[in-house]
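Right, one structure below, let's go through it.
In this chain, residues are counted from 1 in sequence order. What you see is a predicted model; the values in this text were computed from it and never measured.
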Amino acid sequence: MSLKKIQPLPDIETLQKLIRYEDGKLVWNEVSVEDQIELGVAKRERSALTRNTKYANKEAGHLFKTSSGTEAIQVRILGKSYYAHRVVYKLLKNEEPELIDHINGNPTDNRIENLRSVDNQTNSRNCKLFNTNTSGHVGVSWNRSNNKWVSYIWKDGRKIILGYYTNIDEAIRVRKEAQQDMGFHQNHGRL
């Protein structure tokens with residue numbers, strides 16, 4: 001998810017009136033005519049009844065590609081779009097999440113046990129291997145100036161060189177040890 005300002009979710013009472021969580025998915029509730037008119041979902045009784053017929057008890061949201069090219073599920077609530085994982089988290093934890101980390105790395109898996117609210121640094125410690133990586137391992141690359149593998153890690157916005165190695169396996173081992181010592185998630189650098 002990008003680090004642009006994240007739009008706050010509607011209050012918990014509004015969310016609970018409109019939508020519910022079932023097995024990792026969001027499902028539209030049947031909402032009373034009065035509540036729909038009060039929330040601004042519908043203007044008249046007829047449109048409120050039509051909305052219930054069309055949406056009630058059906059899965060909410062749609063799959064879309066983010067600006068980074070990954071797929072996620074987005075849901076439109078009261079005229080604004082939100083990531084489904086943020087709605088799930090707020091519905092079940094009753095708190096506004098900071099960033100949501102999908103623990104298994106699948107951004108369409110919105111089961112609550114796969115979601116955790118984290119800061120940006122923690123979120124970046126559970127990311128997949130970038131497609132621009134040429135060594136096949138995070139934090140290891142070939143250094144042309146000395147013809148060795150360099151092992152490195154980022155901490156507090158600074159790149160820390162862990163060492164230069166003639167053997168790629170040694171560079172990978174050193175990086176993995178540093179990763180573990182610094183509290184990176186076990187899935188960090190997955191393919």
Do [X] and [Y] come within less than 4.5 Å of each other through their side chains, counting heavy atoms only?
{"X": "Arg51", "Y": "Trp28", "result": "yes"}
{"X": "Val118", "Y": "Glu98", "result": "no"}
{"X": "Asn57", "Y": "Arg20", "result": "yes"}
{"X": "Asn29", "Y": "Lys17", "result": "no"}

When the ring planes of Phe64 and His62 are compared, do they come out parallel, tilted or perpendicular, using 30° and 60° as the limits?
->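 Because their plane-to-plane angle lies in the 30° to 60° range, the rings of Phe64 and His62 count as tilted.
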Measure from the side-chain N and O atoms of [X] to the backbone N and O of [Y], and report whether any donor-acceptor pair falls under 3.5 Å.
{"X": "Asn52", "Y": "Glu30", "answer": "no"}
{"X": "Glu96", "Y": "Leu9", "answer": "yes"}
{"X": "Asn106", "Y": "Thr108", "answer": "yes"}
{"X": "Arg86", "Y": "Pro97", "answer": "yes"}
{"X": "Gln36", "Y": "Ala48", "answer": "yes"}

Measuring from atom [atom1] of [X] to atom [atom2] of [Y], what distance do you get when rounded to the nearest 0.5 angstrom?
{"X": "Ser151", "Y": "Lys176", "atom1": "OG", "atom2": "NZ", "value": "11.0 Å"}
{"X": "Tyr21", "Y": "Arg111", "atom1": "OH", "atom2": "CZ", "value": "7.5 Å"}
{"X": "His85", "Y": "Arg116", "atom1": "NE2", "atom2": "CZ", "value": "13.5 Å"}
{"X": "Tyr89", "Y": "Asp101", "atom1": "OH", "atom2": "CG", "value": "11.0 Å"}
{"X": "Ile160", "Y": "Leu162", "atom1": "CD1", "atom2": "CG", "value": "7.0 Å"}
{"X": "Gln74", "Y": "Tyr82", "atom1": "CD", "atom2": "OH", "value": "11.0 Å"}

Any link between [X] and [Y] through a network of hydrophobic side chains (Ile, Leu, Val, Met, Phe, Trp, Tyr) touching at under 4.5 Å?
{"X": "Tyr165", "Y": "Ile153", "value": "yes"}
{"X": "Val75", "Y": "Val27", "value": "no"}
{"X": "Trp142", "Y": "Ile172", "value": "yes"}
{"X": "Val33", "Y": "Val31", "value": "no"}
{"X": "Ile73", "Y": "Ile77", "value": "no"}

Do His102 and Asn110 have side-chain atoms, one donor and one acceptor, less than 3.5 Å apart?
->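 Per modelled atom types, His102 and Asn110 side chains form a pair under 3.5 Å.
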Verify side chain to side chain contact (heavy atoms under 4.5 Å, CB included) between Tyr164 and Trp149, making sure each step is shown before the conclusion.
-> CA-CA 5 Å; Tyr164 296 89; Trp149 293 100; over 6 Å; no
What heavy-atom pair brings Ile37 and Glu45 nearest, and what distance separates the two atoms?
->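 It is CD1-N, 4.2 Å.
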At their closest point, which heavy atom of Arg76 faces which heavy atom of Ser81, and how far apart are they?
->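 Minimum heavy-atom contact is NH1-OG, 3.0 Å.
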Lys/Arg N to Asp/Glu carboxylate O, [X] vs [Y], below 4.0 Å:
{"X": "Lys93", "Y": "Glu95", "value": "no"}
{"X": "Glu22", "Y": "Lys25", "value": "no"}
{"X": "Arg173", "Y": "Glu177", "value": "yes"}

Asn143 and Tyr152: CA distance, side-chain angles, deciding distance, side chain to side chain contact (heavy atoms under 4.5 Å, CB included) verdict | CA-CA 11 Å; Asn143 185 300; Tyr152 60 90; over 6 Å; no
Does CG belonging to Asp23 count more than 12 external heavy atoms closer than 6.0 Å?
->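 Not buried by this count: 12 neighbours or fewer within 6.0 Å.
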Given Val87 and Ile19, is the side chain to side chain contact (heavy atoms under 4.5 Å, CB included) satisfied, shown in steps?
-> CA-CA 9 Å; Val87 175; Ile19 206 162; 4.3 Å; yes
Where do Val88 and Ile100 land on the side chain to side chain contact (heavy atoms under 4.5 Å, CB included) test, with the steps shown first?
-> CA-CA 10 Å; Val88 167; Ile100 294 291; over 6 Å; no
